[in-house]
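A short write-up of the structure that comes next.
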Amino acid sequence: MFKTLLILSAILFLTACDKKAQVVMYDKSLKNNKLKCLGLAYYSGSKLEQELKKLYKFSDNCPYKLELSYKAGIVCNSRYNVPQKVTSNFPTAYIKLEVTKGLGLEYSYYKDLTHKPDISDLKDAFNQLKDDILK
């Protein structure tokens with residue numbers, strides 16, 4: 001049991017807070033059958049959402065909806081993260097884009113950040129999404 005916990009802890013330590021974005025394509029058919037349209041799930045008018053509307057012409061009638069979420073100032077007090085906090089730039093924020101159709105999740109982009117999400121992070125995320133699933 002101890003060995004299993006030790007191995008799981010090591011895996012978590014080595015993979016947590018990776019600098020690369022994590023992309024998951026839940027609907028594998030999107031790789032070959034890219035989307036022709038995309039709607040915005042909701043719009044709050046934040047600075048990043050305003051920029052997002054400049055990057056793409058969203059359609060209210062499209063069944064595929066994009067949701068942007070992000071957060072800054074995250075503090076993790078877990079003792080398991082102490083070595084990473086001491087030896088690296090530990091993430092304090094994230095940015096996430098999710099594409100849904102109805103209640104189903106079709107695509108997800110997630111990236112940990114060491115700074116407040118900004119326009120360049122949004123552009124990187126959206127460009128990845130466009131390359132992956134948009135025509």
Side-chain angles (χ1 to χ4, degrees):
M1 176 71 171
F2 178 74
K3 282 185 179 182
T4 304
L5 285 175
L6 186 61
I7 291 170
L8 288 174
S9 296
I11 290 170
L12 180 64
F13 177 74
L14 294 173
T15 61
C17 306
D18 193 0
K19 299 227 185 284
K20 290 177 22 182
Q22 299 169 9
V23 175
V24 180
M25 201 171 302
Y26 295 94
D27 180 355
K28 304 295 186 208
S29 71
L30 291 177
K31 193 170 194 168
N32 296 321
N33 301 316
K34 296 191 176 201
L35 302 180
K36 297 175 185 169
C37 66
L38 195 56
L40 212 49
Y42 57 87
Y43 182 71
S44 68
S46 74
K47 186 176 173 180
L48 288 181
E49 286 177 333
Q50 289 174 17
E51 186 64 29
L52 189 58
K53 288 187 93 174
K54 292 177 187 176
L55 297 174
Y56 187 78
K57 184 172 173 50
F58 292 95
S59 169
D60 292 335
N61 299 327
C62 186
Y64 293 93
K65 301 295 181 189
L66 175 65
E67 182 177 336
L68 165 67
S69 61
Y70 54 92
K71 186 165 177 97
I74 298 170
V75 178
C76 181
N77 294 321
S78 171
R79 62 189 164 118
Y80 298 107
N81 294 322
V82 171
Q84 262 191 309
K85 285 182 180 182
V86 171
T87 61
S88 68
N89 287 333
F90 196 77
T92 58
Y94 73 86
I95 187 166
K96 178 169 56 170
L97 296 176
E98 291 184 329
V99 175
T100 59
K101 182 178 181 186
L103 298 176
L105 183 59
E106 307 293 319
Y107 176 92
S108 176
Y109 172 102
Y110 176 90
K111 186 172 184 183
D112 284 320
L113 304 169
T114 56
H115 57 275
K116 182 179 177 182
D118 59 25
I119 290 173
S120 69
D121 298 312
L122 175 67
K123 286 181 177 179
D124 289 345
F126 193 73
N127 285 335
Q128 179 71 51
L129 181 143
K130 274 183 18 182
D131 289 345
D132 291 341
I133 64 170
L134 285 177
K135 279 192 177 182

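- With 3.5 Å as the limit, one finds a donor-acceptor pair spanning the side chains of Glu49 and Ser44.
- You'll find the side chain of Leu30 stays beyond 4.5 Å of the side chain of Val99, heavy atoms only.
- Taking CG of Leu129 as the start and CE of Met25 as the end, the distance is 9.0 Å to the nearest 0.5 Å.
- Residues Leu66 and Phe126 are in side-chain contact: their nearest non-hydrogen atoms beyond the backbone lie under 4.5 Å apart.
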For a quick test of your reading: what N or O donor-acceptor pairs under 3.5 Å do the side chains of residues 102-110 make, sequence neighbours left out?
residue: Tyr107; atom: OH; partner: Asp132; partner atom: OD2; Å: 2.6
residue: Tyr110; atom: OH; partner: Asp112; partner atom: OD1; Å: 2.7

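- Hydrophobic cluster membership is shared by Leu52 and Ile119, with clusters built from Ile, Leu, Val, Met, Phe, Trp and Tyr side chains linked at under 4.5 angstrom.
- Of the inter-residue distances, the one linking Lys57 atom NZ with Cys37 atom SG reads 12.0 Å to the nearest 0.5 angstrom.
- In this structure, the separation between NZ on Lys54 and CG on Leu122 is 11.0 Å, given to the nearest 0.5 Å.
- Connection of Leu134 to Tyr26 is not established within any shared hydrophobic cluster, with ILVMFWY side chains joined at heavy-atom distances below 4.5 Å, either directly or through further cluster members.
- Sorted by first and then second residue, the pairs that involve residues 115-125 and meet side chain to side chain donor-acceptor pair (under 3.5 Å), not counting sequence neighbours, are His115-Asp121, Asp118-Ser120.
- Contact detail for Lys36 and Tyr56: the closest heavy-atom pair is O-OH, 3.9 Å.
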Donor-acceptor pairs under 3.5 Å, side chain of residues 58-65 to any protein atom, not counting sequence neighbours: which ones?
residue: Ser59; atom: OG; partner: Asn61; partner atom: N; Å: 3.3
residue: Lys65; atom: NZ; partner: Asp60; partner atom: O; Å: 3.1
residue: Lys65; atom: NZ; partner: Cys62; partner atom: O; Å: 3.0

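- In this structure, NZ in Lys135 is found 13.0 Å from CD1 in Ile133, a value given to the nearest 0.5 Å.
- To the nearest 0.5 angstrom, Leu40 atom CG is 8.0 Å from Leu68 atom CG.
- Once rounded to the nearest 0.5 Å, the distance linking CG of Asp27 with NZ of Lys101 reads 8.0 Å.
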